[in-house]
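What you see below is based on every heavy atom in this structure, not just the backbone, and it leaves out hydrogens, waters and symmetry mates. Just so we're on the same page: letters track the sequence lines, and every chain starts at 1. Keep in mind that this is a model prediction, so the values were computed, not measured.
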Amino acid sequence: MAQQESVVDRIDALRQAIADHNHHYYVLDAPIVSDAQYDRLMVELQALEQAHPDLITPDSPTQRVGAAPLAAFGSVRHAVPMLSLGNAFEADEVSAFDRRVQETLRGAGMLAADEQVVYQAEYKFDGLAISVRYENGRLVQAATRGDGQTGEDVTSNIRTLRSLPLTLRGDFPDVLEVRGEVLMTRADFEQLNQKQLERGEKIFVNPRNAAAGSLRQLDPRITASRPLRFYAYGWGQMTRRTRTDDQHTAVLDWFETLGLPVSPRRERVIGIDGLLDFYDRTGSLRDELPFEIDGVVYKVNSLAAQDVLGFVARAPRFALAHKYPAQEETTRLLGIEVQVGRTGAITPVARLEPVFVGGVTVTNATLHNEDEIRRKDVRIGDTVIVRRAGDVIPEVVGPVLDLRPDDAACFVMPLSCPVCGSAIERPEDEAIARCSGGLFCAAQRKQTLLHAVSRKALDIDGLGEKLIDQLVDSERVKSLADLFSLTLDELSRYERMGKKSAENLVAALQKARHPALDRLLYALGIRHVGETTARALAQYFGSLEAVIKADEDTLLGVPDVGPIVARSIVRFFSEPHNLDVLNALQQTGVQAQAVQPSDNKNTLALSGKTVVLTGTLPVWTRDDARRHILAAGGKVSGSVSRKTSYVVAGDQAGSKLARAHDLGVPVLDEAGLKDLLGFSED
DNA sequence: GATCCTCGAGTTCC
DNA sequence: CTCGAGGATC
């Protein structure tokens, strides 16, 4: 008997401890035991319950994953309807909302003439709205929003969320319907997808879909394995309010004392200025939050005032959702075309039904390569999710499988180049397919020319895609050298070429006849020779002739040149066609400026240092900063590593700054960089 | 041989 | 910016 007693006590103690640890881990975000210790408690409890099945209760933590899979979700009628919120995108819509609230409250004598309304401002999570019902402190039911009146019964799935207590603590009311959002953090989402990938299961396109998919599992064991969180922001039926206060914020504070995870940021703000300020501050934090939000929500903080304001149709008049421009939208994938790049790389491009996302209308997006299309499983005719996040370049995230039409077609890589008809080849171990036509292919010739005249190469202004198209199509220009024999008169005959434009172009060509050696080398478009390698070659050899004469062994002596790059260079200069072009260039008076192979390297301020730039600097552009660093003997790199000497961070610095902190790399601002470079400040 | 780091190449819209 | 792949390093 006594032994039985102690088993009961032990089981109680274990359950209490596990609930406590869940609370610390998920709600307070401050775990007090290790995962291993937690697991040991759980294992002990399971063992005891197995030995004494009669002691198992439904709110034991072992019973989070309860019964067998469901055949279908039942439906639940909400005791108090789950409403949607009015939406605003623009500041003047928010002003109008605030004005209406003021008028109503003044009319009811609840707001003095010169008084501002007090609001609670909070995140609008991008997840799923859920209502969780507690009776006598026990979790008895959970439902989705559904149509607002009736939702789906997801009780057994919601019970598996460890952040949600199965029993409330403290001074709880008899009946409490907690309203909140189920979501997945970005980090958990990434991890889940990683796991799905390893197991060969389908990956989710974004945290929201992952959360929705996880919650809509008929087998709660699957839901239990998914890292879902819950944040409370409101309530439905509630038999008693806090006795102390009559404020929205106070009710949520009270929820916290009941052990419920409450929306982590809720500020009291005053008047329209407070609202818009919160919107702006949150907007600049948005990309760094651990979860995704699609806006913020404002609620009149006084509950008495909320009652007075009441409801219109299906939305409360006391609350408003202020949304950020969508970073993701869905649209239709009309087709997949291929582009031919300078090196012959065949890039599939998605043609999209125009869609407004992230502030611009997107019609095209790269799909990178065949593997990428397969990995994302996008098909022509699919409804796809398009994202245009912090970075500028739109991206097809993935298909909405539920909306896939029966006739959706897979992309097939063409066998021959759409421009020149040459075979398209893809080496076994490479991701990229290439047109084998070389410079026989007009697309490759055009891209090669565009590359040669680009800003970082010969920097010839006034030679855009349109003109190059015409020059190449008319066969007037077959190689880089032909550009330099263009005359004012013949240029004027091309479309959209006025006299002034033609003069400008001829002047730009004249200026480009004496490029720095590294620019010329880069302009030639030798495979594997980019800006950095071109500079290294120029430094090492000093003249174009020396580079042409160099054999593979000599080239291997150049920093950052290995066998593949060396072979590529030798091959380029042994190609008769390329030598012809170089001769022709010389004929038209193009002569690279010789470079002094430098040896004063170690005397400069930034010799041997690697600097990474991130964010927007207050005065200099990125390119200014780059040039100054190079001039001081430093290198500029794109990614932060342990070898990075400094990170120069400007406004809106992102992941690189975080990584710098992680690795203990010194961080400078623009002024710090200028100090280092010996610029005087004034 | 593995791992880390850096470079090259391709990309969208206005 | 992001990938893929070449080069350097241990």
Colleague: It should be established whether Asn364(A) places a side-chain nitrogen or oxygen under 4.0 Å from OP1 or OP2 of nucleotide dT11(B).
Modeller: no
Colleague: Could you check Thr363(A) against Ala345(A) and say which one's nearest nucleotide on DNA chain B is further toward the 5' end?
Modeller: Ala345(A)
Colleague: Determine the sole option in Lys466(A), Lys446(A), Arg445(A) for which the salt bridge (Lys or Arg N to Asp or Glu O under 4.0 Å) test with Asp473(A) is passed.
Modeller: Lys446(A)
Colleague: Counting heavy atoms from C-beta on, name the nucleotide in dG6(C), dA5(C), dC7(B) closest to the side chain of Ala431(A).
Modeller: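 Among dG6(C), dA5(C), dC7(B), the one nearest the side chain of Ala431(A) is dA5(C).
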Colleague: Does the side chain of Thr366(A) get closer than 4.0 angstrom to OP1 or OP2 of dT12(B) through an N or O atom?
Modeller: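 The answer is no; no side-chain N or O of Thr366(A) sits under 4.0 Å from OP1 or OP2.
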Colleague: dT11(B) P sits how many Å from Glu465(A) CD, rounded?
Modeller: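 Glu465(A) atom CD is separated from dT11(B) atom P by 11 Å.
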Colleague: Using atom CZ of Arg567(A) as one end and atom C1' of dG7(C) as the other, report the distance to the nearest whole Å.
Modeller: 14 Å
Colleague: Without decimals, in angstroms, what is the distance between Leu450(A) CG and dT11(B) P?
Modeller: 12 Å
Colleague: Starting from P on dG8(B), measure out to CG on Asp518(A) and report it in whole angstrom.
Modeller: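 That distance rounds to 12 Å.
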Colleague: Among dC4(B), dA9(B), dC7(B), which nucleotide sits nearest the side chain of Thr532(A)?
Modeller: dC7(B)
Colleague: To the nearest angstrom, how far is Ile432(A) atom CD1 from dG8(B) atom P?
Modeller: 15 Å
Colleague: Closest approach to the side chain of Thr343(A), judged atom by atom: which nucleotide of dA9(B), dA5(C), dT12(B) is it?
Modeller: dA9(B)
Colleague: Which nucleotide sits closest to the side chain of Glu430(A): dA5(C), dG7(C), dT12(B)?
Modeller: dA5(C)
Colleague: Can you list the steps and then say if Ser501(A) with Asn504(A) is a side chain to side chain donor-acceptor pair (under 3.5 Å)?
Modeller: CA-CA 5 Å; Ser501(A) 312; Asn504(A) 286 344; 5.8 Å; no
Colleague: Taking CD1 from Ile564(A) and C1' from dC7(B), how many angstroms apart are they, rounded to a whole number?
Modeller: 13 Å
Colleague: Take the protein atom NE2 of His451(A) and the nucleotide atom P of dT11(B), then report the distance between them rounded to whole Å.
Modeller: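 That distance rounds to 13 Å.
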Colleague: Let's see if you can work this out: which of dT11(B), dG7(C), dG8(B) has an atom nearest to the side-chain heavy atoms of Pro563(A)?
Modeller: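 The answer is dG7(C), which lies nearest to the side chain.
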Colleague: Any side-chain N or O of Gln339(A) below 4.0 angstrom from OP1/OP2 of dT11(B)?
Modeller: yes
Colleague: Given dC4(B), is OP1 or OP2 found less than 4.0 Å from the side-chain N or O atoms of Arg642(A)?
Modeller: no
Colleague: What do the steps show when you test Arg434(A) against Thr343(A) for side chain to side chain donor-acceptor pair (under 3.5 Å), and what is the final call?
Modeller: CA-CA 8 Å; Arg434(A) 296 197 137 85; Thr343(A) 63; 3.1 Å; yes
Colleague: Among dA9(B), dA8(C), dA5(C), which nucleotide sits nearest the side chain of Asp560(A)?
Modeller: dA8(C)
Colleague: For Glu372(A), report the nucleic acid contact type (base, sugar-phosphate, nothing); a contact means any heavy atom under 4.0 Å.
Modeller: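 No contact.
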Colleague: Separation of Arg527(A) atom CZ from dG10(B) atom P, in whole Å?
Modeller: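 Rounded to whole Å, this separation is 9 Å.
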Colleague: Quick check: Phe125(A) with Phe291(A) (ring centres under 6.0 Å apart)?
Modeller: yes
Colleague: If you look only at pairs with a residue in residues 441-469 of chain A, which of them pass as a ring pair (Phe, Tyr, Trp, His ring centres under 6.0 Å), with sequence neighbours excluded?
Modeller: His451(A)-Tyr522(A)
